[in-house]
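Every chain is numbered from 1 and lettered A, B, ... according to where its sequence line falls, protein lines coming before strand lines.
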Number of protein chains: 2
Amino acid sequence: MTDGRFYPEMATSGNRGDVGVTVGLNAIVVAVTGDVPRILTVRRPLEIADHPLDSNEAETAPEHSGDGALGGREGVPFGPLDPVADRTLELGLRRWLAEQTGIEVGYLEQLYTFGDRGRVAPVGNRFLSVAYLALTREVEVSGSGAPIWAPWYSYLPWEDWRDGPPAILGKHIFPALQDWIASASTDRSWAQRHERAQIAFGLGGTPWNRNRVLDRYELLFEIGLVAEAVPGTDSASTHGVEIGRPMALDHRRIVATALERLRGKLSYRPVAFELLPGTFTLLRLQQVVEALSGERLHKQNFRRLVEQNRLVERTGDIEVRTGGRPAELFRFRREVLRERPAIGVVIQRGRLATETHNG
Amino acid sequence: MTDGRFYPEMATSGNRGDVGVTVGLNAIVVAVTGDVPRILTVRRPLEIADHPLDSNEAETAPEHSGDGALGGREGVPFGPLDPVADRTLELGLRRWLAEQTGIEVGYLEQLYTFGDRGRVAPVGNRFLSVAYLALTREVEVSGSGAPIWAPWYSYLPWEDWRDGPPAILGKHIFPALQDWIASASTDRSWAQRHERAQIAFGLGGTPWNRNRVLDRYELLFEIGLVAEAVPGTDSASTHGVEIGRPMALDHRRIVATALERLRGKLSYRPVAFELLPGTFTLLRLQQVVEALSGERLHKQNFRRLVEQNRLVERTGDIEVRTGGRPAELFRFRREVLRERPAIGVVIQRGRLATETHNG
DNA sequence: TCAAAAGTGTTATCCTTACACCCATGT
DNA sequence: ACATGGGTGTAAGGATAACACTTTTGA
């Protein structure tokens with residue numbers, strides 16, 4: 001009964017000669033400390049491949065002959081799927097994440113499956129990563145992977161607008177974009193490049209769209225401002241300008257995908273509360289939302305909207321150590337899930353000037 | 001240089017004994033004919049496995065000993081990833097989709113990766129499907145897969161509210177939900193079931209949320225109103241009540257995932273235009289949006305909002321064969337992509353009564 | 001006393017929603 | 001004539017965004 005049948009799905013998708021597909025699971029684990037959004041990273045020097053493995057793909061000669069150049073870069077935690085023990089992908093991920101980092105995450109959501117050729121894989125094998133987004137409160141981590149909490153925006157510094165437009169935009173990114181647009185060979189290509197840059201980075205009248213994280217990352221990658229440690233892409237091709245902290249393999253792309261997804265969800269699902277303890281002040285909630293959206297919010301209206309949407313309820317308790325007047329502690333009102341078709345935190349941009357006007 | 005290295009990602013994720021992972025690609029190809037949303041389906045009798053293959057999973061004895069019971073059910077098109085020829089997953093999918101159905105899709109977006117154990121796989125292998133959502137205008141299809149355009153809501157009839165609440169809700173679904181809630185063994189479990197049903201199906205004051213397609217499907221699956229043809233789930237367990245047309249394997253779940261994603265995108269990305277020809281009347285646009293959202297919209301306001309958001313521009317041409325007054329033809333204004341951070345079609349629910357008031 | 005944070009009140013504007021009504025064509 | 005679909009006007013109500021101001025603590 002378990003043999004002798006013909007299963008085309010299997011038969012056609014599997015091997016071709018000795019080339020197969022290998023599958024792994026990645027987790028982008030997010031927490032917020034104060035106003036710093038962090039992701040969990042590990043250093044896995046052995047995992048890094050800095051040379052093309054599929055020799056068809058080797059278009060440029062590798063410049064680093066040793067293994068030091070890219071070795072030791074951090075990446076997001078990775079774990080195998082145990083085809084026998086793990087009933088679902090999600091359970092498999094929870095299992096090895098607990099083993100490697102000691103974290104029991106709450107919220108977990110599948111993000112994307114990365115499978116372009118050129119990802120690391122031995123002897124021509126294809127390597128697939130199913131990436132998950134996990135939200136947690138920041139906790140002590142320890143385990144075989146030697147995990148650390150790294151500031152998310154250290155990898156994507158152009159995404160943090162909380163203190164105004166990031167300096168790196170004017171200094172490196174905009175000039176590079178202009179060059180890239182100007183160097184188009186045809187009018188049509190010029191127009192296409194111009195439009196892409198406008199949409200992704202909000203040039204010339206087009207507003208900056210905080211959600212287009214992946215568009216921005218991919219454009220920067222194309223013009224060579226961020227490098228990925230994948231075969232066929234020599235990190236020296238960035239001409240000496242390398243913005244943001246690099247990561248192993250294509251992990252920075254995964255991390256950008258996670259930020260885009262999370263920013264998108266923020267406004268229509270109450271995900272921010274997954275990053276907070278059971279009770280919190282409204283300032284803490286605002287800090288979390290600001291940290292993730294990368295924008296400063298208007299304090300008074302934020303509070304009013306959160307309260308009048310009945311996202312939270314008073315606990316009656318008071319937080320004393322605020323640095324100012326004691327603040328009331330709130331908790332998330334689960335009932336909103338029932339009351340409203342889609343509910344999240346309103347993201348209304350605010351200016352630094354609107355903080356307070358004493359005097 | 002291509003050998004002798006240690007690649008932990010590969011080494012740890014691959015085989016354990018002789019158990020491996022097999023990967024395939026699925027496409028949910030969507031088109032709208034008139035007011036009927038359709039998906040492309042194929043019949044692949046050979047692919048169907050109606051018995052547990054991983055013997056650990058066999059919890060109930062199979063009742064159908066032949067191969068006739070589930071064989072011949074339709075499914076969404078499937079194709080293999082060619083690890084050698086296909087540079088990216090997306091290109092691989094485009095390749096075999098063209099081969100099998102003759103379709104060259106435009107819009108293509110990765111949907112989800114399905115990998116629970118229990119999916120079809122020979123000799124205990126794990127089977128992974130990376131599913132994609134594709135949008136196209138309805139075109140002639142032909143090819144090795146014998147593809148046909150099937151009405152989407154024939155699989156998920158409770159999702160079509162265009163002519164009021166679907167009869168199947170009151171007739172089968174609500175009673176079954178009530179039973180399920182009532183049969184909870186503890187107060188806590190009762191409350192949880194009650195809340196889930198409220199959120200998914202909008203019972204008792206909670207509004208129906210058109211976007212929660214997957215919540216609804218999964219709840220129906222859990223209470224046994226829809227069956228999946230996977231090992232460990234006997235289709236007879238639905239006690240004779242089986243709502244909606246069944247599909248092979250877990251393809252109905254994939255189809256529900258696609259509908260949820262598409263409904264979500266509708267309001268913040270201009271995806272509806274991918275399903276329309278270059279020029280169209282506003283009624284056609286409205287029909288497409290209604291078909292996908294499953295709701296009737298308010299005609300006058302729909303038109304006003306589409307126009308004042310400058311989503312479309314006049315072509316000057318006139319469509320004569322409307323059945324009524326000739327209508328102006330419009331085209332999508334690509335410039336909105338630059339002008340607005342997020343733009344889609346406003347979904348404002350309308351009542352049948354608001355159509356016209358000739359008196 | 002002052003900085004820092006918590007909180008309240010008020011207003012103009014825009015968007016959403018609803019309703020009423022007229023126009024042009026085919027049968 | 002009337003059914004069908006195209007198309008315009010307008011007004012109430014609510015959400016948004018901006019601004020001004022008061023309160024309570026710790027250093």
Between [atom2] of [N] and [atom1] of [X], the distance in whole Å:
X: B:Leu297; N: C:dT17; atom1: CG; atom2: P; value: 11 Å
X: B:Asn309; N: C:dC14; atom1: CG; atom2: P; value: 15 Å
X: A:Arg284; N: C:dA6; atom1: CZ; atom2: C1'; value: 16 Å
X: A:Phe302; N: D:dA17; atom1: CZ; atom2: P; value: 14 Å
X: B:Ile318; N: C:dT25; atom1: CD1; atom2: C1'; value: 12 Å
X: B:Asn301; N: D:dG6; atom1: CG; atom2: P; value: 15 Å
X: B:Arg303; N: D:dG9; atom1: CZ; atom2: C1'; value: 16 Å
X: A:Leu305; N: D:dA17; atom1: CG; atom2: C1'; value: 9 Å

- Message: So, applying side chain to side chain contact (heavy atoms under 4.5 Å, CB included) with B:Leu133, which one of B:Val30, B:Leu259, B:Val29 is it?
- Response: B:Val30

- Can you figure out which of D:dA18, C:dA5, C:dC21 approaches the side chain of B:Gln300 most closely? C:dC21

- Message: As a test of reading the structure: which of D:dG6, C:dA6, C:dT17 is closest to the side chain of B:Thr281, going by heavy atoms?
- Response: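 For B:Thr281, the side-chain atoms sit closest to D:dG6.
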
- Message: So for B:Lys299 and D:dG5, does any side-chain atom that can act as donor or acceptor lie under 3.5 Å from a complementary atom in the base?
- Response: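 Check fails, no donor-acceptor contact within cut-off.
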
- Message: Would the base of C:dA6 count as contacting A:Arg325 through its side chain, where contact means a donor and an acceptor less than 3.5 Å apart?
- Response: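 Yes.
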
- Message: I'd like to check the side-chain hydrogen bond (donor to acceptor under 3.5 Å, both in side chains) partners of A:Glu109; sequence neighbours left out, ordered by chain and number.
- Response: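 For A:Glu109 the side-chain hydrogen bond (donor to acceptor under 3.5 Å, both in side chains) partners, ignoring immediate neighbours, are A:Tyr107, A:Arg261, A:Lys265.
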
- Message: List the residues meeting side-chain hydrogen bond (donor to acceptor under 3.5 Å, both in side chains) with A:Arg334, not counting sequence neighbours, and say none if there are none.
- Response: B:Glu195

- Reckon B:Arg304 touches a base, only the sugar-phosphate, or nothing at all at heavy-atom distances under 4.0 Å?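 If one applies the 4.0 Å heavy-atom cut-off, B:Arg304 turns out to touch a base.
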
- Message: Just checking A:Glu104: does its CD atom have more than 12 heavy atoms from other residues, nucleotides or ligands closer to it than 6.0 angstrom?
- Response: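 No.
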
